[in-house]
Visitor: 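I am attaching a structure below and will ask some questions about it afterwards.
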There are 2 protein chains.
Amino acid sequence: MKNPIEHLNKIFDNRVRLGVMSTLMVNEEINFNDLKQLMDVTDGNLASHLATLEEHGYIKVHKGFIGRKTNTTYSITKAGEKSFKEHIEALENMIRGIR
Amino acid sequence: MKNPIEHLNKIFDNRVRLGVMSTLMVNEEINFNDLKQLMDVTDGNLASHLATLEEHGYIKVHKGFIGRKTNTTYSITKAGEKSFKEHIEALENMIRGIR
DNA sequence: ATTGCTACTTTGTATTACAAAGTGCTTTTT
DNA sequence: AAAAAGCACTTTGTAATACAAAGTAGCAAT
């Protein structure tokens, strides 16, 4: 018998971070407010999860403008993509194990 | 754009509970010590996660013996199977979304 | 000058996770 | 018979995590 969870990444256990990462896998970039609505969290809560992902080097921030309004967008890094793919693979292996 | 995590079950966010459930999906029953070694957790920690799963009606406990030694085994309930399958489906949909 | 928006940071609290120690029961060893 | 050990917890205490709510800085619109 083998441990089905040993290769899962602890950072991605959290649903908000998991959601952000999987959203960033298919969107070149997303801004703060769209992400906030998408995940249905408070702005403070989102900010802290984004900070965690950034501290781990999984996402990067880009502060820009739309017209004259500030617009902060987030995108996945190479390292983030790699780590997330490994996590997904671990999930798939776990799922494969139950079939 | 849609929320990739809305159908995930919060109880299964935790890696130990996720591991226990996915192990019980493919094993009719497992005893406490095997589960403890498999998940690599302390006995107290495992006991508390098992209690959470039991409180939610996802697993059931069977206290038995092997020869003369006590042997507590755990198995998945119908409800647990249903909820876990739904969680897996939600995960698969999320994964499908990133491809 | 006030209001509003964005993207936070700070503060405080509740929840969760965990290790370690303790417990009750039984069995095995000496 | 006494001591040690195993099982499956429960209890206790602590650290980490998650979260809401309020506060903040900078800029824009009214």
Side-chain angles (χ1 to χ4, degrees), chain A residues 1 3-6 8-24 27 29-56 58-75 87, chain B residues 1 3-6 8-24 27 29-56 58-75 87:
Chain A
M1 225 176 330
N3 182 340
I5 58 164
E6 63 180 337
L8 296 178
N9 186 328
K10 287 187 189 185
I11 301 299
F12 305 139
D13 280 356
N14 178 271
R15 55 184 34 240
V16 176
R17 292 192 297 264
L18 185 72
V20 168
M21 290 300 285
S22 81
T23 301
L24 288 181
N27 294 276
E29 55 177 15
I30 301 200
N31 71 32
F32 189 88
N33 275 315
D34 287 351
L35 221 36
K36 181 182 149 186
Q37 282 181 47
L38 196 59
M39 296 299 139
D40 192 31
V41 289
T42 56
D43 55 355
N45 192 7
L46 178 59
S48 87
H49 287 302
L50 291 171
T52 299
L53 290 173
E54 206 197 342
E55 278 156 28
H56 282 83
Y58 294 158
I59 64 171
K60 56 180 185 298
V61 184
H62 179 248
K63 281 156 193 297
F65 293 87
I66 289 186
R68 298 196 145 148
K69 280 192 179 172
T70 61
N71 185 61
T72 305
T73 61
Y74 302 86
S75 60
H87 182 74
Chain B
M1 228 174 330
N3 182 341
I5 58 164
E6 61 179 338
L8 296 178
N9 186 329
K10 287 185 187 183
I11 300 300
F12 305 139
D13 282 354
N14 177 273
R15 55 182 36 239
V16 177
R17 291 191 298 263
L18 186 71
V20 168
M21 289 301 285
S22 82
T23 300
L24 288 182
N27 295 275
E29 56 177 14
I30 300 199
N31 70 33
F32 189 87
N33 275 314
D34 287 350
L35 220 36
K36 181 182 149 184
Q37 283 181 47
L38 196 60
M39 296 297 138
D40 191 32
V41 287
T42 56
D43 56 357
N45 192 8
L46 177 59
S48 87
H49 286 303
L50 291 172
T52 299
L53 290 173
E54 206 197 343
E55 279 158 28
H56 281 84
Y58 294 159
I59 64 172
K60 55 180 184 298
V61 184
H62 179 249
K63 282 156 193 298
F65 292 88
I66 289 186
R68 296 192 148 151
K69 279 191 179 172
T70 59
N71 185 61
T72 304
T73 61
Y74 301 87
S75 60
H87 182 74

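Residue numbers begin at 1 in each chain, while the letters A, B, ... track the order of the sequences.
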Visitor: In whole angstrom, give the distance that lies between atom CG of A/L50 and atom C1' of C/dA7.
Guide: 10 Å
Visitor: Rounded to the nearest Å, what distance is computed from the CD1 atom of residue A/I66 to the C1' atom of nucleotide D/dA28?
Guide: 15 Å
Visitor: Only one of A/T73, A/N71, A/T72 forms a side chain to side chain donor-acceptor pair (under 3.5 Å) with A/N31, so which one is it?
Guide: A/N71
Visitor: Just N and O in the side chain of A/K63: are any of them under 4.0 Å from OP1 or OP2 of C/dC8?
Guide: yes
Visitor: Send over the distance from A/F12 CZ to D/dT17 P, rounded to a whole Å.
Guide: 15 Å
Visitor: I need the A/L50 CG to A/E55 CD distance, nearest 0.5 Å.
Guide: 11.0 Å
Visitor: Under the side-chain hydrogen bond (donor to acceptor under 3.5 Å, both in side chains) rule, collect the residues that match up with B/N14, sequence neighbours excluded.
Guide: none
Visitor: Atom pairs under 3.5 Å, N or O on each side, protein against nucleotides 13-18 of chain C: can you list them with distances?
Guide:
{"residue": "C/dA17", "atom": "OP1", "partner": "B/N14", "partner atom": "ND2", "Å": "2.9"}
{"residue": "C/dA17", "atom": "OP2", "partner": "B/R17", "partner atom": "NH1", "Å": "3.0"}
{"residue": "C/dC18", "atom": "OP2", "partner": "B/H49", "partner atom": "NE2", "Å": "3.1"}
{"residue": "C/dC18", "atom": "O5'", "partner": "B/N45", "partner atom": "ND2", "Å": "3.1"}

Visitor: Please report, rounded to the nearest Å, how far the C1' atom of D/dA20 is from the CE atom of A/M39.
Guide: 19 Å
Visitor: Once you round it to whole Å, what is the distance between C1' of D/dC7 and CD of B/Q37?
Guide: 13 Å
Visitor: Quick one: side chain to side chain contact (heavy atoms under 4.5 Å, CB included) partners of A/H56, sequence neighbours excluded?
Guide: A/I11, A/T52, A/Y58
Visitor: For the pair made of NZ in B/K60 and P in D/dA8, what is the distance, rounded to whole Å?
Guide: 18 Å
Visitor: If I take atom CG in residue A/L46 and atom P in nucleotide C/dT10, what distance separates them, rounded to the nearest angstrom?
Guide: 17 Å
Visitor: If you round to the nearest 0.5 Å, how far is NE2 of A/H87 from NZ of A/K10?
Guide: 12.5 Å
Visitor: Checking contacts here: which listed nucleotide (C/dC8, D/dG6, D/dA8) is nearest the side-chain heavy atoms of B/N33?
Guide: D/dA8
Visitor: Do the side chain of B/N27 and the main chain of B/I30 share a donor and acceptor less than 3.5 angstrom apart?
Guide: no
Visitor: Just jot down the salt bridge (charged side-chain N to carboxylate O under 4.0 Å, His left out) partners of A/R17, sequence neighbours excluded, or say none.
Guide: none
Visitor: Show me, pair by pair, the donor-acceptor contacts under 3.5 angstrom made by side chains of residues 34-47 of chain A, not counting sequence neighbours?
Guide:
{"residue": "A/T42", "atom": "OG1", "partner": "A/N45", "partner atom": "N", "Å": "3.3"}
{"residue": "A/N45", "atom": "OD1", "partner": "A/H49", "partner atom": "NE2", "Å": "3.1"}

Visitor: Heavy-atom distance under 4.5 Å between the side chains of A/F12 and A/L53, does that happen here?
Guide: yes
Visitor: Can you name the atoms? Protein N/O to nucleotides 21-26 of chain C N/O, anything below 3.5 Å, with the distance.
Guide:
none

Visitor: Tell me: OH of A/Y74 to P of C/dT6, nearest whole Å?
Guide: 13 Å
